[in-house]
**Q** 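This structure is in structure tokens; I'll ask about it shortly.
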Amino acid sequence: QVQLVESGGGLVQPGGSLRLSCAASGSIALIIYSMGWYRQPPGKQHELVATITSAGIINSAHSVKGRFAISRDNAWNKVYLQMDNLEPVDTAVYYCNGNIRSGNYQTQNYWGQGTQVTVSS
């Protein structure tokens, strides 16, 4: 089985910064095609934050461009989201997502449990 574990959420004042981390792990070798971050603000649906593919192509929401940056480590099993100049509208549960093939099983989307980010004064 594949597990995605997020960390780094918390309470921060407007204008502050947080760095989210997501680690992918499994009992067998993983092939990761893409990883990224989605979020669900209170009372709203899930929305894209940013994703990065195995080719290094980054797709990010317009609302976070210039403030958030997605990156990955060289081993390709961790993804990060550096969030600067946070705003109250960024308050949401942030979920790590991975499009991953585990061994000979078909590629699937996996989700972490989520980490709460609250931006408030």
Side-chain angles (χ1 to χ4, degrees):
Q1 295 182 349
V2 176
Q3 291 184 326
L4 300 178
V5 180
E6 307 102 329
S7 63
L11 174 65
V12 65
Q13 293 185 334
S17 298
L18 287 173
R19 180 177 171 86
L20 304 184
S21 299
C22 176
S25 63
S27 59
I28 56 178
L30 306 178
I31 301 175
I32 300 174
Y33 295 100
S34 67
M35 294 186 71
W37 295 92
Y38 294 75
R39 67 186 182 186
Q40 185 172 21
K44 296 184 178 181
Q45 295 180 328
H46 288 265
E47 63 184 36
L48 168 73
V49 178
T51 59
I52 182 168
T53 72
S54 60
I57 299 173
I58 295 173
N59 184 33
S60 59
H62 177 74
S63 61
V64 306
K65 289 183 177 179
R67 300 189 299 118
F68 294 6
I70 190 170
S71 62
R72 58 173 174 83
D73 64 5
N74 291 331
W76 239 118
N77 63 346
K78 294 181 180 178
V79 66
Y80 307 93
L81 185 69
Q82 178 66 45
M83 305 186 295
D84 296 324
N85 195 24
L86 284 160
E87 304 171 357
V89 295
D90 296 317
T91 295
V93 178
Y94 285 70
Y95 296 93
C96 180
N97 169 263
N99 187 242
I100 300 170
R101 178 183 176 183
S102 178
N104 291 325
Y105 295 97
Q106 64 182 359
T107 304
Q108 293 182 265
N109 279 318
Y110 295 89
W111 295 90
Q113 290 296 113
T115 184
Q116 178 70 48
V117 172
T118 302
V119 185
S120 177
S121 60

**Q** Answer yes or no: is there a side-chain heavy-atom contact under 4.5 Å between Ile32 and Asn99?
**A** no

**Q** Contact between Thr51 and Ile58 at the side-chain level, heavy atoms closer than 4.5 Å - yes or no?
**A** no

**Q** Would you check if Cys22 and Tyr80 make a side-chain contact, meaning some heavy-atom pair closer than 4.5 Å?
**A** no

**Q** So, taking the atom named CD in Gln106 and the one named CD1 in Ile100, what distance separates them when rounded to the nearest 0.5 Å?
**A** 14.0 Å

**Q** I need the minimum non-hydrogen distance between Ser60 and Val64, along with the two atoms involved.
**A** CB-CG2, 4.3 Å

**Q** Taking Glu6 for the side chain and Gly114 for the main chain, is one N or O donor matched with an acceptor at less than 3.5 Å?
**A** yes

**Q** Angle between ring planes, Trp111 versus Tyr95, binned at 30° and 60°: parallel, tilted or perpendicular?
**A** perpendicular

**Q** Can Val2 be reached from Trp76 by stepping across I, L, V, M, F, W or Y side chains whose heavy atoms are under 4.5 Å apart?
**A** yes

**Q** Between Ile57 and Ile52, is any pair of side-chain heavy atoms under 4.5 Å apart?
**A** no

**Q** Using modelled atom types and a 3.5 Å cut-off, is there a donor and acceptor pairing between side-chain atoms of Thr91 and backbone atoms of Val119?
**A** yes

**Q** Among residues two or more places apart or on two chains, list those pairs meeting salt bridge (charged side-chain N to carboxylate O under 4.0 Å, His left out) that have a residue in residues 33-58.
**A** Arg39-Glu47, Arg39-Asp90

**Q** What closest approach, in Å, do Met35 and Ala24 show between heavy atoms, and which atom pair accounts for it?
**A** CE-CB, 4.2 Å

**Q** Check for me, please, whether Val93 and Leu48 land in the same ILVMFWY cluster - side-chain distances under 4.5 Å, paths through other members count.
**A** yes

**Q** Going by atom types only, do Gln40 and Tyr38 share a side-chain donor-acceptor pair under 3.5 Å?
**A** no

**Q** Please give me the minimum heavy-atom distance between Val117 and Gly9, naming the atom from each residue.
**A** CG2-CA, 4.2 Å

**Q** Can you list every pair that meets side-chain hydrogen bond (donor to acceptor under 3.5 Å, both in side chains) and has a residue in residues 12-35, with sequence neighbours left out?
**A** Ser17-Asp84

**Q** Could you tell me whether the side chain of Leu20 reaches within less than 4.5 Å of the side chain of Met83, counting heavy atoms only?
**A** yes

**Q** Side-chain contact test, heavy atoms from C-beta onward, threshold under 4.5 Å: evaluate it for Tyr94 versus Gln116 and give yes or no.
**A** no

**Q** Taking salt bridge (charged side-chain N to carboxylate O under 4.0 Å, His left out) as the cut-off, I'd like each qualifying pair that reaches into residues 99-118, sequence neighbours left out, listed once.
**A** none

**Q** Using 0.5 Å steps for rounding, measure from the CG atom of Asn97 to the NE2 atom of His46.
**A** 10.5 Å

**Q** Please tell me if the side chains of Leu86 and Leu18 come closer than 4.5 Å, counting only heavy atoms from C-beta onward.
**A** yes

**Q** Is there side-chain contact between Ile70 and Trp37, with heavy atoms separated by less than 4.5 Å?
**A** yes

**Q** Nearest 0.5 angstrom please: Tyr110 OH to Ser102 OG, how far?
**A** 5.5 Å

